[in-house]
Number of protein chains: 2
Amino acid sequence: MGSGALPTSKRTDGEVPAIVVGRLPIYLRALSLLEEEGKEVTSSQELGKRLGISSAQIRKDLSHFGEFGKQGTGYRISFLKERLTEILNLNKYWHVALVGFGNLGQAIAHYGGFAVKGFHIKAVFDNDPNKVDQEINDIVIQHNSEIIQTIREENIKIAIIAVPLYVAQEIAELLVQAGVKAILNYAPINLFVPDDVQVQNIDPVVHLQQMTYYL
Amino acid sequence: MGSGALPTSKRTDGEVPAIVVGRLPIYLRALSLLEEEGKEVTSSQELGKRLGISSAQIRKDLSHFGEFGKQGTGYRISFLKERLTEILNLNKYWHVALVGFGNLGQAIAHYGGFAVKGFHIKAVFDNDPNKVDQEINDIVIQHNSEIIQTIREENIKIAIIAVPLYVAQEIAELLVQAGVKAILNYAPINLFVPDDVQVQNIDPVVHLQQMTYYL
DNA sequence: TAGATTGTTAATCGATTAACAATC
DNA sequence: TAGATTGTTAATCGATTAACAATC
């Protein structure tokens, strides 16, 4: 966590709260939408209304990274988009490894949403010999035993874990050994990884279970 | 939001912070795992270590709902599991509607993880005439125009939105009209709904984009 | 009994919001 | 110029943590 220091104007870094970083992609998403609607300029107020966030918070969040607006007129959308894209390191073509080609893994591999945003699945692994050597999007599925070598060779830094609960931790350890620094984890378990490795968890069931509390 | 008042011992309700409710399913997940490992008793410390959460926070969170432990010995896992299940209303067999049977919707429909946890997809809708009348898990896919009638008839309260960005808001409005009170939204947009309707968003790309900040 | 761990209070820490001078 | 909106400071609000008496 918090390892990277970007060459961005105003950054006495190591200090931007993770919760602020977490909102940047949301801002970016909203800006793209506004742009597609033909807008060229927006304000913290307009953005906030769209996102259900206070305008003060948006201005505060952005102020961690520099000054992107103009008093009286707001933010030029194209400019702010570029800056956020840069801050989040989204100018790169990211290579991603996917581990687990079961139900979920297949869905992820077929889902077009990652590639559109610059996250390209370049290696797929599974434990099942019947799946190994199958092809998906021109990629040959490899056995889990190849994880370390392949990921090292291709210098992949981002991986998606879509394996059953009970093997998730051991897969995570392989990925870490292979040099992966960011893991998107779909297994319903808290993974233990070194401090310099990011983990983000996705568990739709947890979201449903939160909502039923109020029903 | 915050409408429901449960008949649980210590609840001067409307007051449990959403962030606390959000952690309960995580605790439940960890308890199930401990149980499967054969453990019968645990402590806030053990749970905390597993989850990367402080033991004080776990005790504080639980204290919103009652007293579930014993000094000196900790928590009986089966008992705490039951209580959390009850608090989160997870004893019910929940009916769920799925809107959108594209790439993502199909993956969701095939994914077994929801049903195992008591969330059963009972109605599926899509706009595409070619998909309507197809079957999935014994359910006949219906056209979006049937959303209101079907959901009302079947008294469904939970829906999953897996439609393209640009129709998500209109679908949400149909769902609300139909009486849905909880929406799991996979479209990358902030939905506007009345205060008594819950929304939880899932966007894996946002998670990846957060992590690349640190890479 | 001695050791362990709860539930809770008070202290700390951090995040959000309100307000406003600066300025486009 | 008058109106609007930024970036930032200070105030408020809320969440986390430390500490400990109670007690199993």
Side-chain angles (χ1 to χ4, degrees), chain A residues 1-2 8-24 26-27 30-31 34 39-77 79-81 83-84 87 210, chain B residues 1-2 8-24 26-27 30-31 34 39-77 79-81 83-84 87 210:
Chain A
M1 264 283 191
T8 311
S9 52
K10 185 199 193 179
R11 292 284 298 288
T12 330
D13 201 280
E15 297 162 19
V16 181
I19 198 165
V20 172
V21 175
R23 279 190 293 261
L24 300 186
I26 307 283
Y27 298 161
L31 289 167
L34 284 164
K39 295 231 170 70
E40 298 200 340
V41 165
T42 188
S43 65
S44 59
Q45 198 165 84
E46 182 178 42
L47 268 176
K49 207 183 288 175
R50 294 238 177 169
L51 296 174
I53 289 178
S54 80
S55 63
Q57 180 160 85
I58 291 176
R59 294 198 301 280
K60 189 104 212 288
D61 284 354
L62 295 178
S63 76
H64 284 98
F65 304 96
E67 310 192 353
F68 307 126
K70 266 203 182 64
Q71 284 99 327
T73 63
Y75 303 90
R76 176 150 290 273
I77 292 173
F79 177 72
L80 185 52
K81 260 191 74 181
R83 295 345 297 290
L84 290 179
I87 290 166
Q210 284 176 43
Chain B
M1 264 284 195
T8 310
S9 52
K10 184 199 192 177
R11 292 283 296 289
T12 329
D13 201 279
E15 296 161 20
V16 181
I19 199 165
V20 172
V21 174
R23 279 190 293 261
L24 299 185
I26 307 285
Y27 298 160
L31 289 167
L34 283 164
K39 295 232 170 70
E40 297 199 341
V41 165
T42 188
S43 65
S44 58
Q45 199 165 84
E46 182 177 42
L47 268 175
K49 208 183 287 177
R50 294 239 178 169
L51 296 174
I53 290 177
S54 81
S55 63
Q57 178 160 88
I58 292 176
R59 294 198 302 278
K60 188 103 212 290
D61 284 354
L62 295 177
S63 77
H64 284 98
F65 305 96
E67 310 192 351
F68 307 126
K70 266 202 183 63
Q71 284 99 329
T73 62
Y75 304 91
R76 176 150 290 273
I77 292 172
F79 177 72
L80 186 51
K81 260 192 73 181
R83 298 338 302 287
L84 290 179
I87 290 166
Q210 284 176 43

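Side chains included, hydrogens not; waters and symmetry mates left out as well; all remaining heavy atoms used. Everything quoted here is computed from the prediction, not taken from an experiment. Below, chain A is the first sequence line, B the second, and so on; all start at residue 1.
DNA chain C contains the following stems of three or more consecutive Watson-Crick or G-U pairs, with both distances under 3.5 Å: C:3-24 with D:3-24.
Heavy atoms of A:I19 sit under 4.0 angstrom from primed sugar atoms or phosphate atoms, though from no base atom.
Comparing atom distances between the A:K60 side chain and each of C:dT6, C:dT16, D:dT6 picks out C:dT16 as nearest. Checked against C:dT5, C:dA18, D:dT6, the side chain of A:A56 finds its nearest nucleotide in C:dA18.
Regarding contacts with the backbone of C:dT16, a side-chain N or O of A:R23 is found under 4.0 angstrom from either OP1 or OP2. Taking 4.0 angstrom as the limit, A:R59 places none of its side-chain polar atoms (N or O) nearer than this to OP1 or OP2 of D:dG7. Not one side-chain nitrogen or oxygen of B:T73 sits closer than 4.0 Å to the OP1 or OP2 atom of D:dC24. Close to D:dT5, at under 4.0 Å from its OP1 or OP2, lies no side-chain N or O of A:S44. Close to D:dG7, at under 4.0 Å from its OP1 or OP2, lies a side-chain N or O of A:Y75.
Atom CD1 in A:I58 sits about 13 Å away from atom C1' in D:dT5, given to the nearest Å. A:F65 places its CZ atom 13 Å from the P atom of D:dG7, with the value rounded to the nearest Å. Atom CD of A:Q57 is separated from atom C1' of D:dT6 by 16 Å (rounded to the nearest Å). Between the P atom of D:dG14 and the NE2 atom of B:H64 lies a distance of 12 Å, rounded to the nearest Å. Atom pair A:K70:NZ and D:dT8:C1' shows a separation of 19 Å (rounding to whole Å applied). Nucleotide C:dT23 holds its C1' atom 11 Å from the CD atom of A:E67, rounded to whole Å. Between the CD atom of A:E15 and the P atom of C:dG14 there is a distance of 12 Å, given to the nearest Å. B:D61 places its CG atom 7 Å from the P atom of D:dT16, with the value rounded to the nearest Å.
B:L34 is listed as a side-chain neighbour of B:E46, based on a closest heavy-atom distance under 4.5 Å. Two residues are said to be in side-chain contact when any heavy atoms from C-beta on lie closer than 4.5 Å; B:F65 and B:L24 meet this criterion. In this structure the side chain of B:Y27 reaches within 4.5 angstrom of the side chain of B:I53, judged on heavy atoms.
Comparing A:Q71 and B:G74 by the nucleotide of DNA chain C that holds the closest heavy atom to each, the one mapping nearer the 5' end is B:G74. Where B:Q45 and A:V20 meet DNA chain C, the nucleotide closest to each residue was compared, and B:Q45 sits on the side nearer the 5' end. Map B:S54 and A:S55 each onto its nearest nucleotide of DNA chain D; the residue landing nearer the 5' end is A:S55.
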